[in-house]
Structures are given as C-alpha cells and as structure tokens.
Enquirer: 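Please read through the structure below; I'll follow up with questions.
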Amino acid sequence: MREYLLTLCITAAVTYLLTGPVRKFAIVAGAMPEIRARDVHREPTPRLGGIAMFFGLCAGLLVADHLTNLSEVFAKSNEPRALLSGAALIWLIGVLDDKFEIDALIKLGGQMIAAGVMVMQGLTILWLPIPGVGNVALTQWQGTLLTVALVVITINAVNFVDGLDGLAAGMVCIAAGSFFLYAYRIWYSYGIEAAAPGTLFAAILMGMCLGFLPHNMHPARIFMGDSGSMLIGLVLSAGAISITGQVDPDALALFTGSEKAAVHQTVPVYIPLLLPLTIIAVPAADLVLAIVRRTWRGQSPFAADRGHLHHRLLEIGHSHSRAVLIMYFWSALIGFGALAYSVNSASMWIVLGVVFLSAVGLVLLLLPRFTPRVPLWAQRFVPPRYRRRRVPAAVAESAAPEVTESEERSPVTAGAPGVNGATAIGARSRFLDRR
C-alpha cells in the first residue's frame, strides 16, 4: 500500500507543479478559444491542462518502475507499456484538438487507433464472466472489438461530462478511488498478480486528478481540454479492461463448487466493471441521453449542445459549485455502493443505505434555492455564502441611504458611476418592494 500511495503522491505533485507553467504556455500559444454558446464560463480560459496530466502519468509510471514491489508489474506484464503507448497517442490528438479544433470523426478514429495500439501490446479482454454460464473465452477479433468499444465509450463519456469547473476531474477521481479499493482487495487479499496493473493504473489516475483539481475548481484558472478528458478516460478504461478481462473469477476461490457458481456469486462486481457502469455511471448516462437527444432532433451525435446533466442542474436553479457537488455525490454513491455490495452482497444494510442516500440525493435536486446556515462556531470552516451575517439595526439604518420610489424604479444603465462594467448591475437597494 505504501508504494501505491507514494506513486499517487508523486503523480499528484508533478501534475500540480506543472499545471501553472502549462497555463502560461497555453496563453502564449493561443489555446484560449472564444466563448461558445454552450459554455458556462464567461471569460476566455486557457486549455491544454492535459499536458501536465500526461507528464504526471509518465512520472507515476517511472517511479513505480523503480520501486521494489511495483517493479514486478513491469517485469511480468506489458500492460503499463501498452497504457503509455495508447495514452501518448490519445494525448497528442487531444492537444491538436485543443489548439486547432479538429473534426469529431478524426478524433473518433484516433480513439480507435489508440485502443488498437493497447490491444496489440496485450491490454485486451480475454474472456467474459457470464452468470449461469461461466467464463466465456473470446476470439482475438471478439476481444479486440469489445476492448475498442469499451475504450471509445469511456473516453467519450468522460469527455461529455467535462462541462463545469472541476466536474470531470472530480468524478473520475471518485471513480478511480472506488476502483482502486476493489482492485487492491483482489491483488492483496487473494494474491492474484493479474490485478496489480489495474491497481497501479487506478492509483496513478487518482494522482493525476488530485494534482489538477486545485487549478480547475470554480472559478477555473485552466481547463484540461480534450487532451486531459480523453487521457483520463483512456486510463480509466485501461484499468477496467485489465481487471475484468484478464482476472479469472474462479481464481478468487470465494466459493466452493463449480466455476458457474463462482461467477454467479461475483456478478455484482464483474458485470458492472465490464461496461463499466458503476465507475462511470453518471457520465455513461449523460452520453446515452446526449446521443438520443441529438439523433431525435436530426443532429449528429457529436454536435455540441447545452442539454447535459450539469447544464440542467444550472437551469433549475443550482449554483455552479452545488451542481458539481451533486454530481460528485451521485458518482460516489454509485461507485462506493457497488464496492460495498461486492464485499458483502448478502447484507441488507448496504441496500438500505444506498436507498436512503438516493432519497437524500433526490431531495438535494429539488432544493436548488435552499442555503443552509451553519452554527456560529463552525463558520470559519465553511465558504462565506453559508455564514450568518449579523448587522446591528442602528448601523444598518444609519448606513442605508434613503431611496425614493422613482429612484428605486429607475433602470440601471451600463457606464453609470458605481456600476460594474462586466455585469451592468449596480448596488442593490436594501429596501424591498413588498408590493
């Protein structure tokens, strides 16, 4: 565990330290596209954050190669090299897209080529655990097609959800955290060496996201762009492929009996990881809804719009930060709920807990205007908008100017004294028109 944590910290540190210089480089290189109609931000923001994330990936793999226990992963398996090759190709395509806005079909072809490169180097699905049947061995073409499809779906799901500051990096970090705990349990508790590459990929992915998040939280100073979103999507899919398609569920020896019984008992984990719907359930749902919505309107599935889940949260009244936190909540509930269910699928308390937290999430969705107030002793630990403002009545009356009805109804024009030129909104009156 210590070597995994060291790899995670090195990856996060390199990503964090390089993001600042990459931001300056992006500004100089002109990777600051104009604001589009579907964008949420209102100021041009540099992209190319994926450059720092890619070098963080390289640093994590380099450090892991020189550690005592993790070096065996590179000696016994070719999957880390396959990941690095595919990541380099998809990162290069993303950098070109952030700078020159290449066509969507070209990006799709690049994603398929990157997935093919990983397949050629051994990172592929060899068999599938089917409930009631057992392990079904796949032919070379079947494994290749299924691997390419999984990589492309995951990359585009993460790319579609990258619409708010810190949303994609935070959701992928949560997914990688739940995936890491599951993969580490298989590798350490059951001694299955085939799960070691997936565990390493999850640790590095968490480091990439954690190192980039401080620069990307609202208001973001830099965006990861397609070079970052496609990169973390590929790393996430590589871990899922490594665990699902190359770890024999019968080797877990969880249950005595036939192989069919073992596969049937491990279905709560393996089938979700196959798609993988638990670790990217929210981005996958957003991807499916976007494709249905655009094709229903007669548009291309790759045509951008403002109908994503995070856009709808903003439309019903949620703030930017609250919309991101709600998406975090649902990702954590699905990912860690599936993880807990895989550990003890017979426990009714886990199911009841997931149902209760789902109800809490629905309540949060229905209360966009609710602003909680914390106790006085905890105000220093929360953002200013959640703090109580105590202003004495005498001070408020003396500070408040007298406003006549004509002045209160007069429109505020841009360029007037005391008016913010960016928003054309002046100081609001302290007296409300109760009529």
Side-chain angles (χ1 to χ4, degrees), residues 2-29 31 45-67 70 80 83-95 97-99 114 154-155 158-159 161-162 164-180 198-239 279 324 328 331:
R2 289 179 297 178
E3 294 187 352
Y4 284 116
L5 293 179
L6 176 61
T7 304
L8 188 153
C9 293
I10 293 296
T11 304
V14 172
T15 304
Y16 176 80
L17 295 176
L18 288 180
T19 304
V22 167
R23 179 179 181 272
K24 297 180 180 180
F25 169 76
I27 296 175
V28 173
T45 306
R47 295 183 181 179
L48 295 178
I51 296 179
M53 303 178 80
F54 176 74
F55 283 104
L57 169 67
C58 296
L61 292 176
L62 182 62
V63 169
D65 191 18
H66 289 79
L67 296 178
L70 294 184
L83 171 66
L84 184 60
S85 302
L89 181 57
I90 202 70
W91 169 75
L92 181 60
I93 296 173
V95 170
D97 181 66
D98 290 340
K99 173 59 180 173
T154 309
I155 289 176
V158 176
N159 191 17
V161 84
D162 184 23
L164 297 180
D165 297 347
L167 181 58
M171 291 181 64
V172 172
C173 184
I174 293 172
S178 61
F179 185 83
F180 172 79
T199 311
L200 176 62
F201 297 164
I204 292 177
L205 182 58
M206 280 194 294
M208 295 165 60
C209 297
L210 290 175
F212 184 73
L213 267 176
H215 300 273
N216 191 234
M217 293 302 293
H218 183 69
R221 301 178 67 248
I222 185 173
F223 294 152
M224 68 172 64
D226 284 357
S227 59
S229 62
M230 293 197 300
L231 176 64
I232 60 178
L234 182 135
V235 178
L236 187 61
S237 63
I279 54 179
V324 172
Y328 285 177
S331 297

Enquirer: Determine whether a donor-acceptor pair (N or O, by modelled atom type, separation under 3.5 Å) exists between the side chain of Thr15 and the backbone of Ala12.
Expert: no

Enquirer: Heavy atoms only: give me the nearest Ala220-Asp165 pair and the separation to one decimal.
Expert: N-OD2, 3.1 Å

Enquirer: Could you state the interatomic distance from CE (Met208) to CG (Leu236), rounded to the nearest 0.5 Å?
Expert: 10.5 Å

Enquirer: In Å and rounded to the nearest 0.5 Å, what is the CD1 to CZ distance from Ile90 to Phe54?
Expert: 11.5 Å

Enquirer: Just do the side-chain contact (heavy atoms from CB on, under 4.5 Å) check on Val172 and Val235 with the steps written out, would you?
Expert: CA-CA 10 Å; Val172 172; Val235 178; over 6 Å; no

Enquirer: Please name all residues satisfying side-chain contact (heavy atoms from CB on, under 4.5 Å) with Ile27, sequence neighbours left out, ordered by chain then number.
Expert: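 Arg23, Met32, Pro46.
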
Enquirer: Give the table of side-chain donor-acceptor pairs shorter than 3.5 Å for residues 221-229, with sequence neighbours excluded, one pair per line with atom names and distance.
Expert:
residue: Asp226; atom: OD2; partner: Lys107; partner atom: NZ; Å: 2.9
residue: Ser227; atom: OG; partner: Gly50; partner atom: N; Å: 3.4
residue: Ser227; atom: OG; partner: Asp98; partner atom: OD2; Å: 2.8
residue: Ser227; atom: OG; partner: Met224; partner atom: O; Å: 3.2
residue: Ser229; atom: OG; partner: Asn159; partner atom: OD1; Å: 3.2
residue: Ser229; atom: OG; partner: Gly225; partner atom: O; Å: 3.2

Enquirer: Could you walk me through whether Val158 and Leu234 pass the side-chain contact (heavy atoms from CB on, under 4.5 Å) test, one step at a time?
Expert: CA-CA 9 Å; Val158 176; Leu234 182 135; over 6 Å; no

Enquirer: Could you check Asp97 against Ile93 for side-chain contact (heavy atoms from CB on, under 4.5 Å), going step by step and ending with a plain yes or no?
Expert: CA-CA 6 Å; Asp97 181 66; Ile93 296 173; 5.5 Å; no

Enquirer: Please say whether more than 12 non-hydrogen atoms of neighbouring residues, nucleotides or ligands are located less than 6.0 Å from OH in Tyr328.
Expert: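 Buried by this count: over 12 neighbours within 6.0 Å.
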
Enquirer: Classify the ring geometry of Tyr16 against His215: parallel below 30°, tilted from 30° to 60°, perpendicular beyond 60°.
Expert: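 If you compare the ring of Tyr16 with that of His215, the planes turn out tilted.
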
Enquirer: Hey, mind stepping through Leu200 and Leu70 against side-chain contact (heavy atoms from CB on, under 4.5 Å) and telling me if it holds?
Expert: CA-CA 8 Å; Leu200 176 62; Leu70 294 184; 4.1 Å; yes

